[in-house]
Amino acid sequence: MKCDEISELLAAYLDAETTPEERRHLETHLPTCEKCRGELRLLDSTREDLRRALRERVADVEPSPQVWGWVRQRIESKNPFWEKVSAMMTSPVWRVAIPLVTVLIVFGALLGTGVLPGFRGGQVTTPTVPTTPTVPTTPTVPAPQTHPGLPPRSVLDLGIVSNKSVYSFGELITFEISIINVSHAAIVFGPDPPTTQIKLPGGVSGQEPEPETVATFTPGSGEVKLEPGGELTWSVAWDQRDSRGQQVPPGPYFPNIKVSDIIIDGKAGPRIGTASGILIQPPLEPGERVVEVNQSRSVESNVFTLERIELKTGGMDIYASVRAADNASVNIYVVNAEAEYGIDGGPLKKAGPSEILHNTLHIWKSLPPVPADAGEITFTITRFGNLEGPWEFKVPLQ
């Protein structure tokens, strides 16, 4: 599916109302698309803010039977004005907000102005209904016994990160996985931990095949209870072997939690989250080597990390990653980074714009080879999108 099709399904996804096929497309697309994840977070935040406001507004209010009758009568009426308004508000955000906004408007009018019968400053009053036969009476609807407010939704935030973005061929890869309860009530979910998968990229546009799962880690058993804000963390170590025990080929991969297996409070529920992809490099030729750098520089609210420099007989490759300073998802900076470099204090040379992989990994490839006796490389990121550097790294080679 494309992003506009995904956008149309986000509200239903948060309500666990998508079909199994739609959910599969969403859970394939979301880990690889920051734009759609951002829209999902916006929808989720908007819904929760409205729910919280409604709960606070009506917590101590008990409407009279006449009020409930009035509300039902207005809802069932065929008013052309409201039909036009309803037709206008068809975007996913409005589909999320309209039911809550409507209730807020009704109860806000009841509480704030006393225009509607049955309410005065949060107190229930008995309205005076004319008894003249020519004036119809308001239909009576039994009032609910209690109004505790809308129940909180169960939402889990899933996150997967690795300690770096680029790995040598055959190197052990460790993923740190977290599940956080971001709702306002305790959540019981299982299995603990859920199934973890390693996938090939693909299937994000609706025109490519579904991503192939190359390795699967067996889920745990039982359930776990998370209080609001509670977090569950664990690690998964991958030896770069597929389900048949064979070394996977070089290239990009991304970890994935099989969310379709997660049961929240006894049923399927909404999940949000991010995962950082990794790159496995081809084996090095004799005489070639990798310099692991792991130096970081702050860039606004994000952090650039110069991860490694590969010194090859045919040239030099440089890899850097960008992450949010608070370890949350990276700001939407899918833009190239300009850089330059120098060897042993010599003149600076342009490295050019970076290539971007997984939105966060920046690569400068096929730069001129470095002399075997070189002692230090100075690498400087001069520009990142509209942000001016420099952000300098000095890397000893001996």
Side-chain angles (χ1 to χ4, degrees), residues 161-175 238 240 247-254 276-300 302-325 330 333-385 387-398:
V161 297
S162 55
N163 62 327
K164 56 183 181 179
S165 299
V166 187
Y167 291 85
S168 299
F169 193 74
E171 182 181 2
L172 185 67
I173 300 173
T174 301
F175 296 106
W238 182 39
Q240 298 191 15
Q247 167 71 46
V248 298
Y253 295 86
F254 67 90
S276 299
I278 55 97
L279 178 66
I280 297 176
Q281 288 293 79
L284 295 175
E285 299 294 334
E288 299 180 340
R289 64 191 178 104
V290 172
V291 179
E292 298 285 356
V293 182
N294 196 29
Q295 294 182 24
S296 299
R297 303 288 182 268
S298 295
V299 182
E300 295 280 322
N302 294 311
V303 174
F304 249 119
T305 299
L306 184 60
E307 295 199 1
R308 63 195 264 160
I309 298 177
E310 295 183 358
L311 302 174
K312 302 179 179 180
T313 55
M316 173 176 64
D317 298 340
I318 298 177
Y319 297 84
S321 62
V322 59
R323 300 181 187 274
V330 169
Y333 278 149
V334 189
V335 293
N336 301 102
E338 297 281 346
E340 57 188 21
Y341 69 99
I343 300 173
D344 291 333
L348 295 177
K349 302 177 182 179
K350 296 290 185 182
S354 61
E355 300 178 15
I356 305 174
L357 180 65
H358 293 315
N359 293 355
T360 62
L361 181 62
H362 292 253
I363 309 171
W364 293 265
K365 300 191 71 173
S366 301
L367 301 175
V370 175
D373 60 351
E376 182 182 71
I377 291 179
T378 300
F379 182 74
T380 304
I381 297 174
T382 57
R383 174 184 285 271
F384 180 42
L387 303 176
E388 292 283 354
W391 300 286
E392 184 178 88
F393 304 85
K394 289 187 177 295
V395 183
L397 298 179
Q398 302 299 332

For Tyr253, the ring pair (Phe, Tyr, Trp, His ring centres under 6.0 Å) test, sequence neighbours excluded, returns Trp238

- Query: Is there a donor-acceptor pair closer than 3.5 Å between any side-chain N or O of Asp317 and the backbone N or O of Ser366?
  - Reply: yes

Those residues at least two apart in sequence (or on a different chain) that pass side chain to side chain donor-acceptor pair (under 3.5 Å) with Gln247 are Gln240

With sequence neighbours left out, the residues meeting ring pair (Phe, Tyr, Trp, His ring centres under 6.0 Å) with Trp364 are Phe379

Only pairs under 3.5 Å count here: list side-chain donor-acceptor contacts from residues 284-292, not counting sequence neighbours, and write none if there are none.
residue	atom	partner	partner atom	Å
Glu288	OE1	Glu285	N	2.7
Glu288	OE2	Thr313	N	3.4
Glu288	OE2	Thr313	OG1	3.4
Arg289	NH1	Leu397	O	3.2
Arg289	NH2	Leu397	O	3.0
Glu292	OE2	Lys164	NZ	3.2

Under a 4.5 Å cut-off applied to non-hydrogen side-chain atoms, are Ser354 and Ile363 in contact? no

With sequence neighbours left out, the residues meeting ring pair (Phe, Tyr, Trp, His ring centres under 6.0 Å) with Tyr319 are none

Student check: side-chain heavy atoms of Trp391 and Leu306 closer than 4.5 Å:
no

Sorted by chain and number, sequence neighbours left out, side chain to side chain contact (heavy atoms under 4.5 Å, CB included) with Thr305 holds for Asn294, Ser296, Val303, Glu307, Ser321

Item checked: Test log, rule side-chain contact (heavy atoms from CB on, under 4.5 Å), inputs Val299 and Ile381 -> CA-CA 10 Å; Val299 182; Ile381 297 174; over 6 Å; no

Distance col, row Asn163:CG vs Ile278:CD1, nearest 0.5 angstrom, shows 11.0 Å

d(Ile377 CD1, Phe393 CZ) to nearest 0.5 Å is 13.5 Å

Rounded to the nearest 0.5 Å, the NE2 atom of His362 sits from the CD1 atom of Ile318 at a distance of 14.0 Å

CG of Leu357 to CZ of Phe254, rounded to nearest 0.5 Å, is 11.5 Å

With sequence neighbours left out, the residues meeting side chain to side chain donor-acceptor pair (under 3.5 Å) with Lys394 are Thr378

Sorted by chain and number, sequence neighbours left out, side chain to side chain donor-acceptor pair (under 3.5 Å) with Thr380 holds for none

On a heavy-atom basis, the closest approach of Pro250 and Pro283 is CG-CD, 4.5 Å

(request) Evaluate the side-chain proximity of Val248 to Ile280: yes if any heavy-atom separation is below 4.5 Å, no if none is. (result) yes

Name each donor-acceptor pair under 3.5 Å that joins a side chain in residues 337-345 to protein atoms two or more places apart or in another chain, with its distance.
residue	atom	partner	partner atom	Å
Asp344	OD1	Gly375	N	2.9
Asp344	OD1	Glu376	N	2.8
Asp344	OD2	Gly375	N	3.3

By side chain to side chain donor-acceptor pair (under 3.5 Å), Glu388 pairs with (sequence neighbours left out) Arg383

Residues 353-370 vs salt bridge (Lys or Arg N to Asp or Glu O under 4.0 Å), sequence neighbours excluded, gives none

Between the CZ atom in Phe304 and the OG1 atom in Thr360, the distance rounded to the nearest 0.5 Å is 10.0 Å

Across all chains, not counting sequence neighbours, the side chain to side chain contact (heavy atoms under 4.5 Å, CB included) partners of Ser276 are Val161, Arg323

Closest non-hydrogen contact found for Tyr167 with Ser162 is OH-CB, 3.4 Å

